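Step one of this worksheet: look at the structure below.
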Amino acid sequence: MKRSSLQVIAIAVLAILFSSCGKKNNAAAPKYIIGFSQCNSAEPWREAMNKQIESEAAKHPEIKLLVSDAQQSNARQVSDVENFIVRGVNLLMISPNEAKPLTGVVEKAYDAGIPVIVIDRKILSDKYTCFIGANNELIGKEAGEYAAKLLHGKGRVVEIWGLKGSTPAIERHDGFMEGIKNYPGIKIIYSQDGAWLREKGRSIMENALQRFDKIDLVFGQNDPMAIGAYLAAKDVGRAKDMYFIGIDGLPGPGGGIQAVIDGKLNATFIYPTGGKIAVQTALKILKGEKVPKDITLSSVSINPQDAKEYLSGEK
Ligand code: FRU
């Protein structure tokens, strides 16, 4: 009697062990390979996107994530995507450096039957499965309206563009022009391509400061360039004479929200990276669910009044 109940217990324990081992093995084996082609991992906003993608992917053992970094080179990104196609990834995620040079290879992946999620920057084709990103035109428009408010409808503006071949740069510019269109007293006096980079923003602003005695506002199409411009103006003691507006609104030390709190920027706009939702959407596609062709992420403007509450999570 005693022996048989021990045997029962032993069998039960073994059965549990076997079944949980089995489950674990099944869950751990990646079923899908996702290739993520990042245009440049060196910028803070891109680092934040990569982190989101990696931590969301890590929650799903059925995914194996491969990440490539094109380091702002269109040619390199084309070959990164070519490699993913040859490797036979089950899904491609891409944030394209510039639209035109990347369109062909994205179409090639799509035509080869690979579902494609385009994140943040667009391509010039509708051969993709899903686009995820915020509405850059709207953000630009709100930035323009905010500029008009700060300037009371009159002033001289320097615009520092992102990479001109990338769609957010064009859309943010168009939106900004729309935002200031009712204020003929607002003039763009200098506008240059800062390639989304802080150091370029800084040197463009150094030139602008040499050329113009009076600058009232700088619209940097992202926070790093706006902060670079602020630093250039501060170096020559002119930062207090003008306003600075950026976009991205990253939390954390060096980020745009802190820059607003520190008085370097007068406003920024949170531009969500979309990394987490991209992975979640990828999973849906891989499991055969239907997803919308466009997923628009919402943005929030951050001004000095609400920046602190935002960082502390109260807002
Ligand atoms: C990073 C970045 C962001 C910007 C986005 C636009 O590469 O420049 O700062 O908001 O890309 O695509």
Side-chain angles (χ1 to χ4, degrees), residues 36-53 67-74 76-77 80 93-102 106 117-124 131-143 159-176 192-202 204 218-230 244-252 254-260 264-265 267-275 278 295-302:
F36 170 46
S37 165
Q38 178 62 287
C39 55
N40 180 29
S41 289
E43 292 159 75
W45 187 88
R46 303 262 152 214
E47 278 173 33
M49 185 201 260
N50 290 356
K51 269 199 199 135
Q52 259 194 30
I53 288 179
V67 182
S68 61
D69 172 11
Q71 298 173 13
Q72 270 215 345
S73 154
N74 294 318
R76 188 165 173 166
Q77 195 166 23
D80 289 344
M93 302 200 305
I94 179 167
S95 200
N97 189 47
E98 288 184 284
K100 199 164 167 218
L102 269 306
V106 171
I117 300 182
V118 180
I119 313 170
D120 146 60
R121 300 184 187 172
K122 296 173 184 156
I123 52 161
L124 306 180
F131 172 78
I132 300 174
N135 183 337
N136 281 298
E137 192 143 355
L138 186 65
I139 296 173
K141 182 167 178 257
E142 286 178 12
E159 178 178 17
I160 306 177
W161 282 63
L163 214 52
K164 278 201 171 163
S166 63
T167 54
I170 299 154
E171 292 163 352
R172 289 177 191 181
H173 168 78
D174 289 351
F176 189 82
Q192 293 285 317
D193 185 342
W196 302 115
L197 302 174
R198 174 169 156 145
E199 280 319 308
K200 284 208 173 158
R202 190 174 182 145
I204 287 170
V218 178
F219 171 44
Q221 288 190 355
N222 72 357
D223 290 341
M225 295 189 297
I227 293 170
Y230 163 84
F244 296 86
I245 297 180
I247 297 172
D248 276 352
L250 282 181
I257 303 184
Q258 190 59 47
V260 173
K264 295 176 183 163
L265 299 183
T268 183
F269 293 80
I270 293 184
Y271 185 61
T273 68
I295 297 179
T296 306
L297 308 173
S298 52
S299 172
V300 180
S301 66
I302 303 286

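Remember, it's 1-based here, ligands and their atoms both numbered in the order they're listed. This structure is a prediction, so every number in the text was calculated from the model and none was measured.
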Inset, instruction - Using distance alone, determine whether Arg121 and ligand 1 share an N or O pair under 3.5 Å. - result: yes
Legend entry - Distance-only N or O hit between ligand 1 and Asp248, under 3.5 Å: yes
Legend entry - ligand 1 contacted by Arg172 (non-hydrogen, < 4.0 Å): yes
Legend entry - Min heavy-atom dist Ile247 to ligand 1 below 4.0 Å: no
Inset, instruction - State whether a side-chain donor-acceptor pair under 3.5 Å links Tyr271 with Asp223. - result: no
Inset, instruction - Verify salt bridge (Lys or Arg N to Asp or Glu O under 4.0 Å) between Glu98 and Arg121, making sure each step is shown before the conclusion. - result: CA-CA 8 Å; Glu98 288 184 284; Arg121 300 184 187 172; over 6 Å; no
Inset, instruction - Note the single closest protein heavy atom to atom 6 (C) of ligand 1, along with its residue, its atom name and the distance in Å. - result: Asp120 OD1, 3.5 Å
Inset, instruction - Name the orientation class of the two ring planes belonging to Tyr230 and Phe244 (parallel below 30°, tilted from 30 to 60°, perpendicular beyond 60°). - result: perpendicular
Inset, instruction - Could you name the option among Glu43, Arg46, Gln38 that has the heavy atom nearest to atom 5 (C) of ligand 1? - result: Arg46
Legend entry - Ligand-side contact atoms (ligand 1) for residue partner Pro168, heavy atom cut-off under 4.0 Å: 6 (C), 12 (O)
Inset, instruction - Could you grab the distance from atom CG of Asn40 to atom CZ of Arg46, nearest 0.5 Å is fine? - result: 7.5 Å
Inset, instruction - May I ask you to decide if Gly140's main-chain N or O and Arg172's side chain share a donor-acceptor pair within less than 3.5 Å? - result: no
Legend entry - Pi-cation contact, Phe131 with Lys122 (under 6.0 Å, within 45°): yes
